[in-house]
S.K.: 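I'd like to ask you about the structure that follows.
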Number of protein chains: 2
Amino acid sequence: MFDPMCPSSVLPFRIGDKWTGMVVRCLEQGPRRFGELRGPLRGVTSKVLSETLRAMERDGLIRRIAYPENPPRVEYDLTPLGRSLLPLLDAARAWSREHLPELLRARQAYDAD
Amino acid sequence: MFDPMCPSSVLPFRIGDKWTGMVVRCLEQGPRRFGELRGPLRGVTSKVLSETLRAMERDGLIRRIAYPENPPRVEYDLTPLGRSLLPLLDAARAWSREHLPELLRARQAYDAD
DNA sequence: AGCGCCGGTTTCGTTGCGGTAACCAGGACC
DNA sequence: GGTCCTGGTTACCGCAACGAAACCGGCGCT
């Protein structure tokens, strides 16, 4: 129980990082270019974005397709494996919409003490 | 889109850390004592466990009940808010059971290059 | 007096994630 | 020759999470 391969550890193990979930969301509607990801993901720097994308490619969540044009064009696309995360992200979003305000209220009340 | 209060950010924001999900799992069947949590959560030190529990208490996910006995006895129990995370953790576990092997295979193939 | 139990705290150090800023390669365009 | 574009890389740094090990307070037991 509870080693890195344990199913219960998957959140911190793979999608607990800061940007992976948002990248999956951004690619939900179809392939996007590097620059098109930097826009909606406000605040991500190119370094962190490229690290995130590389890790996701390594794990088979996205495919990277580079077109030999100029200026260079690179597209990132969800694989079926990456797409399979969408229901999980939906569930997280639903939980958040319903319960996050309550959590924040509890935190604020605690801090007030 | 995608600030800390955005529902999509909830995984890293609150349950993306290493131990919170497992603590919720351990408390699923009922209240447990500090020492009873350290057992199944192999590898967690008392310091990290107490930090995790304190953060969860602050956010209203668990309640801490100290009995003034000796030797001291302290029990931790899920609140309704904490319990509401269970379906999300179930979904994560289900995804993991179904897809984690594929992810690991992709990673291994990538590392082989 | 000394030991053990429980539920921690303290100290110190390591690791890793994320961020800032500067730089780069190749071609197009002026 | 200089500048812009895309899609990055590199070097450096700070902070927070994580972890190992030692210690502690109160009581009961022997």
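So that the names make sense, note that chain A is the first sequence line, chain B the second, and so on, each numbered from 1.
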S.K.: Using heavy atoms and a sub-4.0 Å distance, could you list which residues of residues 58-71 of chain B are near DNA chain D? By number, please.
M.R.: B:Asn70
S.K.: When the distance from CD of B:Glu75 to C1' of C:dC6 is rounded to whole Å, what number comes out?
M.R.: 13 Å
S.K.: Within the structure provided, determine whether B:Val23 and B:Tyr76 are in side-chain contact (heavy-atom separation under 4.5 Å).
M.R.: no
S.K.: What's the closest nucleotide to the B:Val74 side chain, out of D:dT9, C:dG8, C:dC6?
M.R.: C:dG8
S.K.: Rounded to the nearest angstrom, tell me the gap between atom CG in A:Leu49 and atom P in C:dC17.
M.R.: 16 Å
S.K.: Roughly how far, to the nearest 0.5 Å, is the CZ atom of B:Phe13 from the CG atom of B:Leu11?
M.R.: 12.0 Å
S.K.: Within the sub-3.5 Å range, which N or O atoms of nucleotides 18-22 of chain D have a protein N or O partner, and how far apart are they?
M.R.:
from   : atom 1 : to      : atom 2 : distance (Å)
D:dC18 : OP1    : B:Lys18 : N      : 2.9
D:dC18 : N4     : B:Lys47 : NZ     : 3.2
D:dG19 : OP1    : B:Lys18 : NZ     : 2.5
D:dG19 : OP2    : B:Trp19 : NE1    : 3.3
D:dG19 : N7     : B:Lys47 : NZ     : 3.1
D:dG19 : O6     : B:Lys47 : NZ     : 2.5

S.K.: Over how many whole Å does the gap from A:Phe34 atom CZ to D:dC5 atom P extend?
M.R.: 16 Å
S.K.: Are any side-chain N or O atoms of B:Ser50 and backbone N or O atoms of B:Lys47, one a donor and one an acceptor, separated by less than 3.5 Å?
M.R.: yes
S.K.: Rounded to the nearest 0.5 Å, what's the gap from CD1 on B:Ile62 to CZ on B:Arg83? Could you check?
M.R.: 12.5 Å
S.K.: Can you tell me the distance, in whole Å, between the CZ atom of A:Arg73 and the P atom of C:dA25?
M.R.: 24 Å
S.K.: Would A:Val48 and A:Lys18 satisfy side chain to side chain contact (heavy atoms under 4.5 Å, CB included), going step by step from the backbone distance to the final call?
M.R.: CA-CA 10 Å; A:Val48 172; A:Lys18 193 165 176 181; over 6 Å; no
S.K.: Would you say the side chain of B:Arg64 lies within less than 4.5 Å of the side chain of B:Asp77, judging by non-hydrogen atoms?
M.R.: no
S.K.: With the side chain counted from C-beta on, respond yes when A:Arg25 and A:Asp90 share a heavy-atom pair under 4.5 Å apart, and no when they do not.
M.R.: yes
S.K.: Taking the six-membered ring of A:Tyr67 (Phe, Tyr or Trp), confirm whether the NZ or CZ of A:Arg73 is under 6.0 Å from its centre and within 45° of its axis.
M.R.: yes
S.K.: Ignoring backbone atoms, establish whether B:Arg33 has a side-chain N or O less than 4.0 Å from OP1 or OP2 of C:dG7.
M.R.: yes
S.K.: If the cut-off is 4.0 Å, is A:Arg54 near the phosphate of D:dT9, judged by side-chain N/O to OP1 or OP2?
M.R.: yes
S.K.: Find the distance B:Glu36:CD to C:dG7:C1' and express it as a whole number of Å.
M.R.: 13 Å
S.K.: Hey, mind stepping through A:Ile65 and A:Val74 against side chain to side chain contact (heavy atoms under 4.5 Å, CB included) and telling me if it holds?
M.R.: CA-CA 6 Å; A:Ile65 306 160; A:Val74 181; over 6 Å; no
